[in-house]
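Throughout, protein chains are lettered first and strands after them, A, B, ... in sequence-line order, and every chain is numbered starting at 1.
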There are 2 protein chains.
Amino acid sequence: MSTQGPYLAEIAHLMGDPARANMLQALMDGRALTAKELAWLAGVAPQTASGHLSRLMQGGLVTVAAQGRHRYYRLAGPEVAAVLEGLMVLSGQQGLGRRLPSRVGEELSEARTCYDHFAGRLGIGIHDALMAGGHLAVSEGGYAPTRSGEAIFAALGIEAAEGGRSRRAGLRPCLDWSERRPHLAGRLAAALACRCFEMGWVRRRKDSRAVLVTEEGRAALEVALPGFRCEPAEPVSLPVRVREPAPV
Amino acid sequence: MSTQGPYLAEIAHLMGDPARANMLQALMDGRALTAKELAWLAGVAPQTASGHLSRLMQGGLVTVAAQGRHRYYRLAGPEVAAVLEGLMVLSGQQGLGRRLPSRVGEELSEARTCYDHFAGRLGIGIHDALMAGGHLAVSEGGYAPTRSGEAIFAALGIEAAEGGRSRRAGLRPCLDWSERRPHLAGRLAAALACRCFEMGWVRRRKDSRAVLVTEEGRAALEVALPGFRCEPAEPVSLPVRVREPAPV
DNA sequence: GGAACGCTACGGCGCAGGCCGAAGCATCGA
DNA sequence: TCGATGCTTCGGCCTGCGCCGTAGCGTTCC
């Protein structure tokens, strides 16, 4: 019997639909996109996209992270990207380095609060700096500061050790809405943000969740967080419609 | 309008049909199979398989080599195999090392004549030994012996240099029917076979195209052809039906 | 030269599945 | 608490295409 064949065909069939293929290609840069964005990129209605994403989930090609009323989809892993890459080679065209349309206000993308912690490129930068420096360790349910990480927080006047078994995780990743990469959330992240406001390193803009890193704040943070650099200044390109709009 | 998406989807769609996927998987060991065999492996009628193969050809996934009344199909290249490999990984099962059903008599598979030259594992061995030793160069329309190759043929009493612009190619690849890999055909291959019969290195079996390499022939050939080893002794497994027969 | 065989082209049947409209939950903001 | 938004499920329409029967062409073998 050995019905071993169909499985490969099932995966390929999932990739073989134009709408699904467009979605997967849009996810190839590793970022997470919402269902609506993927629907728009694929040129189909949200209901249709939802069905496609459900099938891609079932096939193990994408994963989803629910966050608020959004659901962020991303490729399930590098193996999926590798196959897509190979298919692009076969179809005679390399990846063109697609970029997500960013209609978001530049101020919000640069730095903003996410509930009680920082997000935007500011939040991403903090996350990446601590992660790259080995100050964070991945633990169950989130991150845990390492010995050096605890020292960094302590220097900021933040007690990293969990006092009295606080039920709220000290640090955990939070998918950034504009950058689509994780920034830091949790008790310690909130404390860090609070400290920044107290010290005048970061100020709230009026009528917006966007915040502004002051000059002294920039310098202070780069000292307090080894490896942290403000203004990553990631270029943003214009949106590109992948498929023609559905005919009327 | 940058309709870059569909191409990837087209290739994936070709791989996404069960029948076509079975065919491609069957071709993954690099050998060439006939349309009928592929039809049988895919569990579809020959007409259906023909259509599938036509589409795979158009998509650049397979190539075809017409030989007599057979048409041998093989994967278009290692890139195709790489994608299939990746898809097998995603589908959660590594390649199981499928093998072509070999109903062919073991004697025929071992060594036989193909018109006027040797085929079977004997022919494959000769081809591979000369190729691996750098005694053959690929030229227009076939192979040409290199300087060292000419010496090998000369030692066997065969004049490799084309006398009087013989229209028949001295050496050319011929797709082996049982092994599905090229062996050597052409004037020099015929002369080599003739010499082997003359010297008693190879004897014809009766009532068959199968031939037998004698003991002294084995030793002599291994001396005459550097790197040649008789009896590769490739294991042959039983045929496996991939899909259930079509329902009546 | 005739029969057998391998392969492909054509035509029609039938089903899988892609698509959207309408409706139902859940979440966020005021 | 109410409306707006994001996402999903359900139902029905409809195209695409996988499938085989029949037929035609080229090759091989007797």
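Side-chain contact check for A:Leu90 versus B:Val83: some heavy-atom pair is nearer than 4.5 Å. Looking only at side-chain heavy atoms (C-beta outward), A:Leu184 and A:Leu136 come within less than 4.5 Å of each other. The shortest distance between side-chain heavy atoms of A:Leu122 and A:Glu110 does not fall below 4.5 Å. Side-chain atoms of A:Ile126 and A:His183, non-hydrogen and from C-beta on, never get closer than 4.5 Å to each other. Proximity of B:Lys36 to B:His70: side-chain heavy atoms (C-beta onward) are nowhere separated by under 4.5 Å.
Not one N or O on the side chain of A:Ser50 forms a donor-acceptor pair closer than 3.5 Å with the backbone of A:Pro46.
Atom pair B:Arg71:CZ and C:dG6:C1' shows a separation of 11 Å (rounding to whole Å applied). The nearest whole Å value for the distance from the CG atom in A:Leu33 to the P atom in D:dG6 is 15 Å. Between A:Trp40 atom CH2 and C:dC19 atom P there is a gap of 17 Å when expressed in whole angstrom units. Straight-line distance from the NZ atom of A:Lys36 to the C1' atom of D:dA4: 11 Å, rounded to whole Å. Whole-Å rounding puts the B:Leu38 CG to C:dT8 P distance at 10 Å.
Of the residues in residues 46-61 of chain A, those lying under 4.0 Å from DNA chain C by heavy-atom distance are A:Gln47, A:Thr48, A:His52, A:Arg55.
Comparing atom distances between the A:Arg20 side chain and each of D:dG18, C:dT8, C:dG18 picks out C:dG18 as nearest. Each of C:dG18, D:dC7, D:dA4 was ranked by its minimum atom distance to the side chain of A:Arg69; first place goes to D:dA4. The side chain of A:Asp17 approaches C:dC19 more closely than any other nucleotide in the set D:dT8, D:dG18, C:dC19.
Residue A:Tyr73 places no side-chain N or O under 4.0 Å from the OP1 or OP2 atom of D:dG6. At C:dG18, one or more side-chain N or O atoms of A:His13 fall inside 4.0 Å of OP1 or OP2 (strictly under the cut-off).
B:Thr34 OG1 to B:Tyr72 OH: the interatomic distance, rounded to the nearest 0.5 Å, is 6.5 Å.
Rounded to 10 degrees, the angle between the two end axes of the helix from C:dG1-D:dC30 to C:dA30-D:dT1 is 30°, with five pairs used at each end.
By the 30° and 60° cut-offs, the orientation of the rings of B:His13 relative to A:His13 is tilted.
In this structure, A:Tyr143 has its ring center under 6.0 Å from that of A:His127.
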